[in-house]
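Both counts, for ligands and for their atoms, begin at 1 and track the order of listing.
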Amino acid sequence: MQLSYRNRMIIYNIVLFAFAFLIIVFCMFQGTSYYYINQSKDKLLEMTQNATLYMEQELKNPENTDSLENQLISDGLFFSKSISQTEDNRVLIFDSNGLILGDSVELSDTNTLVTELSLSQAQAAPIFTLKSINDASIVYYVAPINIDDRILGYIGFVYPLVEMDIFLRIASILLSIGGLLGLSMVILVTVSYSKHFIQPIKDLTKISGEINNGNYNLTIHYKHMDEIGELTQAFNGMITNINNVILQLESERKRLAGVLASIDDGLLAIDKNGNIITSNSYIKTYFNVSNPKTIYDFEYQSFLRDIFDSLKNGKAHISEEIDCNDRNLLLIGSPIREKGFEENYMIIIRNMTSARHIQEEQRKFISSVSHELRTPLTTIIGYTDMLTRRKVDDPEIVNRSLNTINREGHRLLRLVDDLLSVNKFDKAEFDFKKTNLNIVLLLSEVVEQMQIKASQSDVMINYRSDELPEVLGDYDRLQQVFINIIHNAIKYSNSGDIIDVISAIEDDHIVVSIRDYGPGISEIEQKRIFNAFYRVEEDRSRGSDEGGSGLGLYIVKQIVEKHDGKIEIVSQVGEGTNIIVTIPILSVLIYGGEADEKVID
Ligand code: ATP
Ligand code: MG
């Protein structure tokens, strides 16, 4: 059975205490016995001397005629009794042969002195023997009776060490009580003391368990700076470090998750067994599979499994394009090789739909631009060829030809200007020179300018306006906006139509609407016509005069937005089109008083 640390401590301390206690008891008993025995030796010596002196006086009494030895034999009993009375002890008198002459108590146990007596006889010296009889310590003492340098006989004392016995008995009782108390104290102190320094160990164990369960917000409190204190401090330091590392990892994880979430591509990291290590939200967007656990969760996307299989079979790089859920997706697969780690795999899914769309738009644009450039150039070259080669004399033909060359030249210039504008927008280097301007004046000028073009198509432009506050804007660019919109309106109006241009103030906005009664724009097309290069396909079939690059409304939108405004279409096929431009007046309040001219990007 494995004893607990506390129980072991209790046992060790009890053993230690018992050992110390026994040593103390032993020393005490030995010391006490030594003291009492020495004291009794002195006393017995003194008693022997007194008795000898007394017997010498009695034996040398002048009335005594007999020899000293005979005298001793006859007075032996008397001596033993009288000395016993004086010394308050049992006294025995022996002759020189060891025969008992007198015993003050007359007990039959005289043979207990036999050994001492014979030893004393042999050595002619006192013999002292301590015996324990019936739990009583008794000293048997025999000494020669030496008178006139002759040993007349022997005197024996039976001297009980009563005081010593009493003392030792009381001491035993006291020591037993003390021992028991001490033992209890030892147990008590050990238990409470062990609690004192076992508690931090228990805390450490508990906290280790909690750390194991993933709880790292813990500290152990221990106020003493001893070894346990050092241990708890080290442990607390370790927890703090773990916490810091966890926080670091957590922030790294969040950063990584943020990076993954902000990547515009779908991402799948897969381990060797096909388990998904990481995926981002695009996976759900592209494949409608949420939280995939393995590559096999992509039930309907066998191409992903194929890429995974190829990578597993050692292919280093896979790139393929597929059509999936109306999207054009580029799949790029590659292994993730990290030293010391198993090989994993990554599949990046890039949505190429809009890129392909733009490519398509650009392709259309290039062919459209080439076509647009080609048409006026062919006309110009045709006319100049005719004028130079054929020597035309008719001034009317010459005049008409030069007019056509001029018109086509302007058309070319407009196209090139638009292309340059788009290029600048794309590079974000378009500068605006903003001034406080009167939009009514601006629109009047545009309408007047466009009226010529309108009348050529037999179209009338009506312009009405409230009185409007000034707005902050780029005069030339805003003119370009309305020229474009009105130009479109003319282009798509039928002969004899009216175009209504109305400017008004609405809350803190100036609202300009250009309403025509042409073919209108379908809802699908409405979403597209602000895209660069976009033109409604059938428009291209119109006469070369009507053609455009599809850049007009794109440029218009960019300019309006740079004025913090917006552009909307209200249109239905066959019902005509209303293009509404809204520009905030707020900008005047902000910039109005400050400067006449401002340049912003
Ligand atoms: P550009 O203006 O560059 O010479 P464009 O006029 O064809 O060429 P946008 O002004 O951008 O190009 O117009 C895009 C398309 O929107 C046009 O091709 C046309 O089909 C359609 N559209 C624009 N305005 C109208 C309108 N008022 N009525 C009908 N369709 C319109
Ligand atoms: Mg246009």
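Looking at ligand 1, you'll find an N or O of Leu553 within less than 3.5 Å of one of its N or O atoms. Looking at ligand 1, you'll find an N or O of Leu551 within less than 3.5 Å of one of its N or O atoms. At under 3.5 Å, not a single nitrogen or oxygen of Gly520, backbone or side chain, sits near a nitrogen or oxygen of ligand 1.
Using a 4.5 Å heavy-atom threshold, the side chains of Ile307 and Tyr345 count as separate. Looking at heavy atoms from C-beta onward, Glu525 lies in side-chain contact with Ile521 at the 4.5 angstrom threshold. Side-chain contact between Ile322 and Leu331 is present, with heavy atoms from C-beta onward closer than 4.5 Å.
Distances below 4.0 Å separate heavy atoms of Asp516 from the following atoms of ligand 1: 26 (C), 27 (N). The ligand atoms of ligand 1 that sit less than 4.0 angstrom from a heavy atom of Asn488 are 6 (O), 9 (P), 10 (O), 13 (O), 23 (C), 24 (N).
Listed for the His487 side chain is no donor-acceptor partner under 3.5 Å among the backbone atoms of Met450. Between the side chain of Asp271 and the main chain of Asn273, a donor-acceptor pair closer than 3.5 Å is present. Between the side chain of Ser571 and the main chain of Gly520, no donor-acceptor pair closer than 3.5 Å is present.
Contacts between Lys491 and ligand 1 below 4.0 angstrom, taking non-hydrogen atoms only, involve the side chain exclusively.
Of the candidates Ile579, Asn578, Ile521, Ile483, Ile521 brings a heavy atom nearest to atom 31 (C) of ligand 1. Within the set Ile555, Leu419, Ile529, the minimum heavy-atom distance to atom 21 (C) of ligand 1 is found for Ile529.
For the Mg ion (ligand 2), protein N, O or S atoms closer than 2.8 Å were enumerated as Asn488 OD1, with waters left out.
Here the closest heavy-atom approach between residue Ile567 and residue Val581 is recorded as CD1-CG2, 4.0 Å. Asn578 approaches Ser513 most closely through the heavy-atom pair OD1-CB, 3.4 Å.
By the 30° and 60° cut-offs, the orientation of the rings of Phe287 relative to Phe303 is tilted.
The side-chain hydrogen bond (donor to acceptor under 3.5 Å, both in side chains) test with Glu561 singles out one residue from Gln558, Lys557, His563, and that residue is Lys557.
For the ligand labelled ligand 1, residue Glu525 lies outside the 4.0 Å heavy-atom shell.
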